[in-house]
Amino acid sequence: LNLAIQAKTVLIGTKPGDSIAVNGVCLTVTSIGRGFFEAQAIGETLSKTNLGLLKISDAVNLERSLKPSDRISGHFVSGHIDAVAKVKNIVRKAGFNEIVILMPSGSADHIVEKGSVAINGISLTVSKVGMSTFSVAIIPHTWKSTNLDKIKPGDSVNIETDMLGKYVVKYLSKTSGMGNIDKKSLFSDYLEMSGGGMSICN
């Protein structure tokens with residue numbers, strides 16, 4: 001599938017071959033036009049993200065690749081999606097909006113309170129965790145600056161769990177000698193020991 005995406009800021013200094021995350025999905029820029037760029041998404045990408053659900057004129061989140069010299073104002077996001085989840089509910093609260101996400105079965109091992117998660121490529125902090133759900137609190141600036149203000153219950157969103165957490169859990173699972181361990185508990189213990197991980201703000 002060839003995607004032509006209208007853009008402005010992300011085109012500055014961008015050339016064919018560079019990477020741009022579209023709704024959190026890392027894509028390679030194939031060509032650049034006046035006020036837009038093109039990228040291709042193969043079948044594997046379409047089947048494991050929400051890009052295949054996009055319609056003409058849909059709003060998407062765009063982000064250029066991180067430079068080694070850049071300030072990190074969130075957590076490391078690779079652009080490799082772990083799951084496509086559903087928006088269960090959106091609760092309007094004083095000063096922020098709470099989004100409740102319903103995760104597919106077996107895909108929430110690395111979602112923990114105060115941990116990091118990317119929703120449609122947006123670096124966020126997990127505020128609550130349920131049996132099969134988690135919640136994030138969205139401040140007005142993030143709400144207005146991304147496509148989160150356009151989502152509604154039932155919509156599909158791309159989920160990327162914390163990169164560092166995945167490596168830590170895998171390493172400790174193999175070296176602990178405990179066999180089948182509680183990954184959420186293990187990751188929570190790691191976050192507590194490390195002072196809350198890499199997530200700084202949303």
Side-chain angles (χ1 to χ4, degrees), residues 21 23-26 48-50 61 63 66 70-143 145-148 151 153-202:
N23 272 358
V25 184
C26 183
K48 294 188 176 180
T49 71
N50 67 5
N61 297 319
E63 185 174 13
L66 178 71
D70 286 345
R71 177 179 296 158
I72 301 172
S73 57
H75 75 287
F76 290 109
V77 179
S78 68
H80 301 156
I81 304 305
D82 295 302
V84 175
K86 294 286 187 181
V87 177
K88 183 177 181 180
N89 197 13
I90 300 175
V91 183
R92 317 286 179 173
K93 297 191 175 183
F96 67 96
N97 292 313
E98 182 182 66
I99 300 178
V100 183
I101 302 294
L102 177 63
M103 291 291 285
S105 177
S107 61
D109 285 343
H110 304 102
I111 303 291
V112 297
E113 283 192 19
K114 304 302 183 288
S116 299
V117 67
I119 299 178
N120 279 352
I122 307 161
S123 175
L124 299 167
T125 299
V126 178
S127 57
K128 299 177 186 176
V129 177
M131 290 295 293
S132 59
T133 64
F134 72 90
S135 302
V136 291
I138 311 297
I139 63 174
H141 174 77
T142 304
W143 189 257
S145 301
T146 67
N147 65 3
L148 292 182
I151 64 172
D155 282 356
S156 296
V157 290
N158 294 323
I159 301 294
E160 182 182 336
T161 56
D162 183 64
M163 181 194 305
L164 299 180
K166 285 184 281 192
Y167 282 112
V168 169
V169 168
K170 184 172 183 178
Y171 175 76
L172 293 180
S173 297
K174 287 187 175 182
T175 58
S176 65
M178 298 171 62
N180 186 21
I181 64 174
D182 185 341
K183 295 180 180 178
K184 283 189 178 181
S185 176
L186 186 62
F187 189 20
S188 296
D189 291 344
Y190 161 73
L191 285 175
E192 184 175 346
M193 290 186 296
S194 64
M198 292 295 296
S199 187
I200 298 171
C201 63
N202 67 354

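Counting from 1, the numbers follow the sequence of the chain as shown. In this text, all values refer to a predicted model and were calculated from it rather than measured experimentally.
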The residue among Arg92, Lys128, Lys88 that forms salt bridge (Lys or Arg N to Asp or Glu O under 4.0 Å) with Glu98 is Lys128
All heavy atoms of Ile151 vs all of Leu148, minimum pair found to be CG1-O, 3.1 Å
The reported gap from CD1 in Ile139 to OG in Ser145 (rounded to nearest 0.5 angstrom) is 8.5 Å
On a heavy-atom basis, the closest approach of Leu102 and Ala85 is O-CB, 3.3 Å
Smallest heavy-atom separation, Gly24 atom then Ile81 atom, equals O-CD1, 3.4 Å
Taken in chain and number order and not counting sequence neighbours, the residues that satisfy side chain to side chain contact (heavy atoms under 4.5 Å, CB included) with Ser156 are Asn50, Leu53, Val84, Lys86
Check your understanding: Do the side chains of Thr133 and Ile101 get nearer than 4.5 Å, heavy atoms only?
Key -> no
Sequence neighbours excluded, the answer for salt bridge (charged side-chain N to carboxylate O under 4.0 Å, His left out) partners of Lys48 is Glu44
The side chain to side chain contact (heavy atoms under 4.5 Å, CB included) partners of Pro153 (sequence neighbours excluded) come to Ile90
Checking side chain to side chain contact (heavy atoms under 4.5 Å, CB included) for the pair Phe134/Ile159: CA distance, chi angles, key distance, verdict? CA-CA 11 Å; Phe134 72 90; Ile159 301 294; 4.0 Å; yes
Scanning both residues in full, the closest heavy-atom pair of Ala83 with Met103 reads CB-CE, 4.4 Å
From the list Thr146, Asn147, Asn158, side chain to side chain donor-acceptor pair (under 3.5 Å) with Asn23 holds only for Asn147
